[in-house]
Amino acid sequence: MLVSAMKDLNSMQHPGKSLFVSKILYFVGKYLYWLRFNVKVEVEEEIDLQGPVLVLSKHSSNHDIVIGYPVLVNHIKRHPWCIIKDSLAKPFFFGFFLKIGGIPVDRKNPEKSKKQLLLTKKTLHDGNVMVIFPEQSRYPGKMGRGKVPGFRFVAGKPTEPLAVVCAGYEYGKGLLRRDVTIRFGRKKEYTKQMQPDVFLHECMLEIASLSNLTYTFPAPQASNSE
């Protein structure tokens with residue numbers, strides 16, 4: 001069931017999520033991409049979760065969204081939304097990436113994307129699955145630093161524990177068909193009492209492990225204050 005945040009979409013210049021267009025992406029990722037990629041999925045536990053679900057994903061390739069979309073639909077049983085780079089909202093894409101649930105954000109100047117980030121937050125907490133790439137850019141074969149401000153804003157201070165699932169991508173080599181392994185960790189719960197930087201750091205360590213990589217950035221210091 002799609003529970004979409006349609007209020008104020010017009011003012012945010014977003015057409016809303018289209019189930020028809022989302023199914024096109026599902027078909028492309030599941031069947032046409034099979035010709036180029038051999039996709040394997042490893043899941044530690046069932047992730048057929050209800051209510052708001054925030055998926056924190058590794059970002060290795062431009063193919064991540066197309067490959068991962070049908071995998072998420074199959075395992076979470078819902079069509080997810082996703083933060084995308086603002087260039088994917090350009091007119092020559094005819095709104096395709098918006099209609100699959102993409103919310104464009106200017107990664108270099110996120111302060112210019114306040115309305116879009118508000119939409120992301122509202123859509124998640126309205127009961128949807130939201131995917132964000134905390135590295136905010138592609139880092140093939142290595143880990144980038146997890147960006148706390150975006151996570152902190154989108155997760156907010158949830159009134160109920162927010163389900164968070166980490167996802168890792170591991171791309172192999174290949175000439176004709178390239179192996180890709182997508183791994184999902186166990187559900188975590190993020191609460192308003194938690195420090196977002198500490199929680200995100202723990203998630204980044206898990207994303208690195210799920211991607212068979214190493215996260216080398218130092219841990220933030222936990223505060224004793226609530």
Side-chain angles (χ1 to χ4, degrees), residues 1-37 39-41 43 46-105 107 113 115-134 136 138 150 154 162-169 180 182-184 187:
M1 178 180 179
L2 291 175
V3 184
S4 54
M6 294 301 170
K7 184 179 179 180
D8 296 331
L9 279 179
N10 290 333
S11 65
M12 296 181 186
Q13 297 181 338
H14 196 290
K17 186 173 178 66
S18 164
L19 184 58
F20 174 76
V21 177
S22 298
K23 287 182 176 180
I24 293 176
L25 180 64
Y26 178 93
F27 178 85
V28 172
K30 185 173 179 62
Y31 298 107
L32 297 186
Y33 260 53
W34 179 89
L35 300 172
R36 180 66 181 88
F37 295 95
V39 182
K40 303 175 183 178
V41 182
V43 183
E46 291 297 324
I47 51 176
D48 182 4
L49 304 172
Q50 302 301 312
V53 179
L54 181 61
V55 178
L56 301 178
S57 176
K58 172 70 182 127
H59 198 10
S60 296
S61 167
N62 287 327
H63 302 295
D64 291 345
I65 292 177
V66 184
I67 294 173
Y69 193 89
V71 172
L72 271 178
V73 172
N74 289 341
H75 287 279
I76 296 188
K77 312 301 182 186
R78 288 184 283 163
H79 286 264
W81 292 66
C82 181
I83 286 185
I84 60 174
K85 58 184 178 181
D86 56 346
S87 60
L88 293 178
K90 291 187 180 298
F92 51 76
F93 288 115
F94 298 102
F96 178 85
F97 290 101
L98 300 178
K99 293 176 182 177
I100 61 154
I103 300 177
V105 172
R107 296 171 179 172
S113 302
K115 288 184 177 181
Q116 287 74 21
L117 289 170
L118 285 169
L119 174 60
T120 302
K121 183 176 183 177
K122 185 180 189 309
T123 302
L124 169 66
H125 292 285
D126 274 354
N128 290 281
V129 179
M130 179 64 67
V131 181
I132 67 174
F133 299 105
Q136 295 185 2
R138 291 180 294 111
V154 172
L162 174 64
V164 178
V165 176
C166 295
Y169 280 78
V180 183
I182 301 177
R183 301 183 181 95
F184 292 101
K187 182 192 77 169

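The chain is numbered in sequence order, starting from 1.
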Can you find a pair of side-chain heavy atoms, one from Ile100 and one from Ile84, that are under 4.5 Å apart? no
Check: His59 ring centre within less than 6.0 Å of Tyr169 ring centre: no
For side-chain contact (heavy atoms from CB on, under 4.5 Å), just list the numbers for Lys23 and Val73, CA-CA rounded to whole Å, side-chain angles, deciding distance to a tenth of an Å, and then say yes or no. CA-CA 10 Å; Lys23 287 182 176 180; Val73 172; over 6 Å; no
Under a 3.5 Å distance rule, please check whether Lys17 uses its side chain to pair with a backbone N or O of Pro80 as donor and acceptor. yes
With side chains defined as the heavy atoms from C-beta onward, is the minimum distance between Val21 and Phe94 less than 4.5 Å? no
Got Leu124 and Leu162 here, is their nearest side-chain heavy-atom distance under 4.5 Å? yes
Heavy-atom closest contact (Val154 atom, His125 atom, distance): O-NE2, 3.2 Å
Can you name the nearest heavy-atom pair linking Val105 to Gln116, along with the distance? CG2-CB, 4.4 Å
Quick one: NZ on Lys30 to CG on Leu25, what's the gap to the nearest 0.5 Å? 13.0 Å
Is Cys82 close to Tyr69 at the side-chain level, that is, under 4.5 Å between some pair of heavy atoms? no
Would you say the side-chain atoms of Arg78 and Asn128 include a donor-acceptor pair closer than 3.5 Å? no
What residue among Ile65, Leu56, Val165, Leu72 forms side chain to side chain contact (heavy atoms under 4.5 Å, CB included) with Val131? Leu72
Using side-chain contact (heavy atoms from CB on, under 4.5 Å), reason through Val39 and Tyr33 one step at a time and then give a plain yes or no. CA-CA 9 Å; Val39 182; Tyr33 260 53; over 6 Å; no
I would like to know whether Ser61 and Asp64 meet side-chain contact (heavy atoms from CB on, under 4.5 Å); could you show each step before the answer? CA-CA 5 Å; Ser61 167; Asp64 291 345; 3.7 Å; yes
How long is the gap from CH2 on Trp81 to CG on Leu119, to the nearest 0.5 Å? 6.0 Å
Non-hydrogen side-chain atoms of Phe96 and Leu88 separated by less than 4.5 Å: no
Which residues share a side chain to side chain donor-acceptor pair (under 3.5 Å) with Asp86, sequence neighbours left out: none
Is there a side-chain contact between Asn74 and Tyr26 in this structure, where contact means two heavy atoms from C-beta onward sitting under 4.5 Å apart? yes
So, for His14 and Ile103, which heavy atoms are closest and what is the spacing to 0.1 Å? NE2-CG1, 4.1 Å
Check whether any side-chain N or O of His63 sits under 3.5 Å from a backbone N or O of Gly29 as a donor-acceptor pair, and report yes or no. no
Within this structure, what is the NZ-CZ distance for the pair Lys40 and Arg183, rounded to the nearest 0.5 Å? 9.5 Å
Please state whether the rings of Phe93 and Phe97 are parallel, tilted or perpendicular, taking 30° and 60° as the class boundaries. perpendicular
